**Student:** 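Pasting a structure here, questions to come.
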Amino acid sequence: MDVNTNQDGHVPEAGQENGDFSSEDQERLKHVLSGSLEKLPAQSSKIVRIFTSSTFTDTTLERNALMENVYPKLKEYLRENYGLEFQK
């Protein structure tokens, strides 16, 4: 994953100067980017959506692999562990 970070390794939000994140937000972002979904703020929606953008013919194999192998497991994982609904 290519993420723009400042010199301290933190990712500023759009319109924020480097270092404007609270230490709590910096830690939360670090955990999310490393795959941890714990300690998230309250959510207004229980739906997780993934949008994959590319030309249809360029990613046929990759898209099929996601749909057949990854999405079903992700859907089950999100439902069982976080009570979230996965939509593709």
Side-chain angles (χ1 to χ4, degrees):
M1 174 179 273
D2 185 22
V3 177
N4 294 325
T5 59
N6 62 19
Q7 291 177 345
D8 297 328
H10 300 123
V11 182
E13 285 184 21
Q16 279 190 319
E17 296 295 323
N18 292 345
D20 285 349
F21 272 134
S22 71
S23 60
E24 181 181 338
D25 287 341
Q26 290 173 2
E27 195 62 28
R28 181 179 296 138
L29 182 58
K30 178 180 162 186
H31 286 288
V32 168
L33 293 176
S34 67
S36 173
L37 299 179
E38 298 188 15
K39 299 181 184 177
L40 290 177
Q43 302 166 9
S44 61
S45 174
K46 293 278 188 181
I47 297 172
V48 175
R49 291 186 181 105
I50 292 181
F51 177 76
T52 305
S53 176
S54 184
T55 62
F56 188 78
T57 56
D58 284 350
T59 60
T60 301
L61 294 174
E62 293 87 347
R63 185 177 48 256
N64 289 346
L66 287 169
M67 291 175 66
E68 294 171 13
N69 303 311
V70 177
Y71 291 167
K73 292 176 184 175
L74 183 57
K75 181 177 183 175
E76 181 180 343
Y77 178 81
L78 290 171
R79 185 186 68 244
E80 289 180 2
N81 293 284
Y82 299 100
L84 299 173
E85 177 186 348
F86 175 75
Q87 296 180 352
K88 51 186 178 220

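The structure displayed is predicted, hence computed values, not measured ones. Throughout, residue positions are numbered sequentially from 1 according to the sequence presented.
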**Student:** Could you state the interatomic distance from CD (E76) to CG (N81), rounded to the nearest 0.5 Å?
**Tutor:** 9.0 Å

**Student:** State, to 0.1 Å, how close L84 and S45 come at their nearest heavy-atom pair, and which atoms those are.
**Tutor:** CD2-O, 4.5 Å

**Student:** Is the shortest heavy-atom distance from the side chain of K46 to the side chain of E85 under 4.5 Å?
**Tutor:**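 Side chain of K46 against side chain of E85, heavy atoms only: no contact under 4.5 Å found.
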
**Student:** Distance check, rounded to the nearest 0.5 Å: E24 atom CD versus Q26 atom CD?
**Tutor:**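 Here the rounded value is 11.0 Å.
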
**Student:** Hey, does the side chain of T59 reach the backbone of E62 with a donor-acceptor pair shorter than 3.5 angstrom?
**Tutor:**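 Answer holds: no.
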
**Student:** Is any side-chain heavy atom of I50 closer than 4.5 Å to one of L74?
**Tutor:** yes

**Student:** Is the number of heavy atoms from other residues, nucleotides or ligands within 6.0 Å of CD (E80) greater than 12?
**Tutor:** yes

**Student:** Can you measure from NZ (K75) to CZ (R79) and round to the nearest 0.5 angstrom?
**Tutor:** 7.5 Å

**Student:** Roughly how far apart are R63 CZ and D58 CG, rounded to 0.5 Å?
**Tutor:**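 Those atoms lie 9.5 Å apart.
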
